[in-house]
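Working notes for the structure below.
A quick note: this is a predicted structure, and the numbers were derived from the prediction, not measured. Both counts, for ligands and for their atoms, begin at 1 and track the order of listing.
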Amino acid sequence: MEHLTGSSSDTGQAVGPRGSAGGGFGVPIGTSAPRAAFSTDAPRLSLNGTWRFRLAPTAAEAADGFWAPDFDDSGWAGLPVPSSWPMHGHGRPAYTNVVYPFPVDPPHVPTDNPTGDHRLVFAVPASFGEAASLRFDGVDSCGRVWLNGVELGVTQGSRLPAEFDVTGVLRPGAANVLAVRVHQWSAGSYLEDQDMWWLPGIFRDVTLLARPAGGVGDVFVHAGYEPDGHGRLRVDGPADARVSIPELGLDGLATGAAHDAGPVEPWTAETPRLYDLVVATATETATLRIGFRTVAITGGILTVNGRRIVLRGVNRHEFHPELGRVVPLDVVRAELELMRRHHVNAIRTSHYPPHPAVLDLCDELGFWVVDECDYETHGFEPVGWRGNPSDDPRFTDACVDRMRRMVERDKNHPSVIMWSLGNEAGVGANLGAMAGWARGRDPGRPLHYEGDRSCEHVDVYSRMYASHAEVDAIGRGEHHVPDLPFILCEYAHAMGNGPGGLAEYDELFDRHPRCQGGFVWEWLDHGIRRPQGDYAYGGDFGEPLHDGNFVIDGLVFPDRTPSPGLTELGAVYAPVRLAVEPGAVTVRNRYVFRSLADVTLHWDVSADGVVLQEGVLQPPAVPPGQHAVVEVPPAPDAPADGETWLTVRALDPAGLVLGSGQALLRQAPERQESGRQASELAAPGRPGAAGGAARPGGGVIRLGAGRFEPVHGRLVRLGDLDLRGPVLDVWRAPIDNDRLGPDPVAARWRAAGLHRMTHRLVGLQLDGDALVVATRVAPAATDLGLLTWFRWRPAGDGLELTVRVEPEGDWDLPLPRLGVHLELPDELGDVTWFGAGPGEAYPDSRTAALIGRYSSTVDDLATPYVYPQENGNRADARWLTLTAADGTGLRVEGRPRIDFTARRWSTAALDAARHRADLVPDGRVHLHLDHAHHGLGSAACGPGVLPEYALRAAPTTFALRLLTLA
Ligand code: GAL
């Protein structure tokens, strides 16, 4: 038996004893020819379960002779398989984005190479038969395998299957001993530099498959959809096999020949129609779920079944906050269903083929899938791409092997409409070799690789993070780029609070035929659950080199609950657009293949959020891509007391909202007036004038229900309510999109001192029935300032406040926010408002918010971003109340509208926090009432805030009313 020698152990190379000479760098040894994943009636035995495990810090210190069947492993730990062992207390996870966590010295890897020895004793029934194969669906990064003391070979290519023929080694009717030595690092690690945690282990299923002689080894189903509505079928498989599709009355078809399958219902992501196809030999019957569909690029447009599609997609990694790379199938199903409910119709399997069952679910639920090879060499970029495996002939075999294993495994999935060579692997001949192989094997699917900008090897022009302007220019044909379908394989970086600007991208996909959509980066935050109940990110495991929270950039939190970014995406990706006007709604069907025959329109008329009238309409069966105008009942005749809205929602039969829209029917009379009032009060005079005026008394200043302290001129009491504030506030706890990227705006904000503004009372003056407090709000060490007047007037049980802000100095940077901050007693925990909601909204992310009346709590208004940052804004409130359990509290009225954020900690505390657990209530409710916010953008990776959503420092007036609730 051969053993790994010192030099081969550090590259993951070895010589397999069963006749296969290992070759190349990162190539498996001793494995059988790759083939499709499908189930058959031949016996199979799952070897998942609790194995014996021992971790050694180096390959050299791994357990000697542990593969011997009689080795005593009784002192070893138990470990579930599949697993990522650092998630079970063995070693630690580590996160890097671009860089390798080891020297760039291919193919060598560190001597300190965590090595996990795994053992399993398992019984095989005698009926299983002699002929069998042992399949590993994923081993990170390489595993040397022994069965019953016989070395079978070495796996490579972490996210790809490896099968070993165990015929003659397996002992049916007896106990068998499987031993697997997994090295964290191998030559293959150079090809697996995806932006994610480094998590070694046997992380996908291990299965023993009976392989009856004369069985169905491999099957390649070619199922096209013809313009005449017929299916075209060819099944490559064993020559003596017979093919049938009982539902279509097809029986006994020969393999290798083209057949007209007759009229079929096509498969599309919108209509995922599957048929059971049976391939049978004398000894084995395989069943596959197939779909008829034809992918083509015609006239520079990507089409399926002859129609232009738009990829409204997400990038999906495989990750679980407690299990690492192991994602239970019920979790996968739930997450794909969650995607569907948010109208995601496409998945890029970034940046490796997923667990094979994921693609079964994609076939069933309906997604356009770009299946990406397990290949990324991004860590060569920092060294100028010197030595990049993509152009190193020593790695050619490994590259082609990876492409081949992906294509062979996944070739029968109708959902897979494109192959991707990998991600961020530079350029080089090996990419051409991968493309060439795939093209030869499967001419039915276009090829993708973003790194191939000249499109020498690929069929679509792909980019990541192109700005809106650039996408528009490409759509208009103004850029010198290849005349191919254009897709954004990554866009709208969903890190932390954001992304902003989704609606504007979607509009471009609608407008320009060749702009065929893209994939938001990314679906999931890869946070690792901490004992504190929150989530770890890079650096939390003491990694000497890491990329912090850049791994927390998803549309859903690590436990897969939606973040506001997903809610926004759902509204933007909505397949039905409703343009509502008083009395009518234009219904636009953005589906490509589905009519709206089964869709109903649910409408209601509400005044200040209270529904007055509602009903359901059946629109005509609007065909795909078409629109229709539907009459809806006009506003009720009886004048309603308040702001009256018509809201329309399109629902599918399961009650899923496919689109929604609103129209203002009538403005509330008092709000029309309040709008005027704010502008009338626009210019209360220069602060110098107030400063010169006499100050009323030395003690507390009374104005109506308000009490003010004279030192800063701040309100301290309103009726019976203790409060502190309002003070002008321009700071927000920087969001990732403020903090990161090449020119982070938060660095400019901090340099200017916006996080440490000082407040100087300039003057305090009674002016008729008003109290005018003039302040200059400014950061230390600069001559920038914001002259601010608070003009207070009694208003019933409360006070009316008009705030006028005039910038002084050269404000060449946007403001994070512009509003006021108040501190309130912490009992005011219940919140109700009439405005946009129910969720968080910012200027460039508010498609999902509808005007209505909503209730929540201060605790629930906060969005628990894994890395704490500004969050929770509710937009355009006409009014809001914060109340204690007994109903007492504060009512705020926007004059006419105000954004608000309420939380139990200050912005400074939010800014200082690094994990959720750092956020501790400070005994107050912090209420932010904002006239405006800077947008969110996507600058953590990609374009910043669009100019129309940037908050410029400019003379501004806004007004509100504060009232107590007794
Ligand atoms: C891309 C890369 C992704 C991810 C993203 C930033 O360049 O392909 O894997 O790193 O940037 O989050």
Side-chain angles (χ1 to χ4, degrees), residues 94-101 158-159 191-199 313-319 325 347-354 370-382 385 388 390 420-427 431 448-453 458 460 462-467 470 487-500 518-527 537-539 545-558 563 565 735-742 744 865-867 869 936-944:
Y95 166 58
T96 58
N97 169 9
V98 174
V99 295
Y100 292 104
S158 298
R159 266 72 54 176
L191 315 182
E192 296 173 10
D193 188 28
Q194 293 94 341
D195 174 7
M196 59 188 190
W197 294 98
W198 296 95
L199 287 172
V314 296
N315 280 279
R316 178 180 178 277
H317 263 286
E318 300 223 288
F319 185 76
R325 301 248 151 269
I347 294 173
R348 173 178 179 232
T349 69
S350 55
H351 300 300
Y352 43 81
V370 174
D371 198 1
E372 190 151 273
C373 194
D374 191 3
Y375 186 58
E376 172 160 344
T377 64
H378 205 176
F380 284 83
E381 188 177 32
W385 293 110
N388 183 12
S390 296
S420 175
L421 306 182
N423 183 59
E424 295 182 320
V427 292
L431 290 156
H448 166 273
Y449 172 56
E450 181 269 348
D452 183 4
R453 290 293 173 81
V458 296
V460 295
S462 172
R463 293 285 304 280
M464 33 174 94
Y465 307 108
S467 68
E470 197 175 0
I487 68 166
L488 287 161
C489 67
E490 294 176 26
Y491 80 108
H493 197 250
M495 187 176 190
N497 190 345
F519 301 84
V520 168
W521 186 267
E522 66 173 310
W523 170 246
L524 175 74
D525 284 346
H526 311 212
Y537 46 80
L545 190 63
H546 65 84
D547 287 293
N549 69 322
F550 218 61
V551 76
I552 308 291
D553 52 2
L555 293 163
V556 296
F557 296 122
S563 93
I735 63 170
D736 293 318
N737 289 317
D738 298 333
R739 246 175 8 96
L740 303 170
Y865 291 111
V866 169
Y867 186 97
Q869 53 197 283
L936 305 175
S938 198
C941 184

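- Listed by chain and number, the residues in a side chain to side chain donor-acceptor pair (under 3.5 Å) with H317 are Y352 (sequence neighbours excluded).
- Annotation: the span from L421 atom CG to D452 atom CG amounts to 7.5 Å, rounded to 0.5 Å.
- Residues lining ligand 1 at a heavy-atom distance below 4.0 Å are given as N97, D195, H351, N423, E424, M464, Y465, E490, H493, W521, F550, D553, C941, ordered by chain and residue number.
- In this structure, the side chain of R325 engages the main chain of E318 through a donor-acceptor pair within 3.5 Å.
- Residues Q869 and R739 are not in side-chain contact: their nearest non-hydrogen atoms beyond the backbone lie 4.5 Å or more apart.
- When the side chain to side chain donor-acceptor pair (under 3.5 Å) test is applied to E376, the partners found at least two apart in sequence or on another chain are H378, N423.
- Partners of Y867 according to the ring pair (Phe, Tyr, Trp, His ring centres under 6.0 Å) rule, which considers only residues two or more places apart in sequence or in another chain, are Y537.
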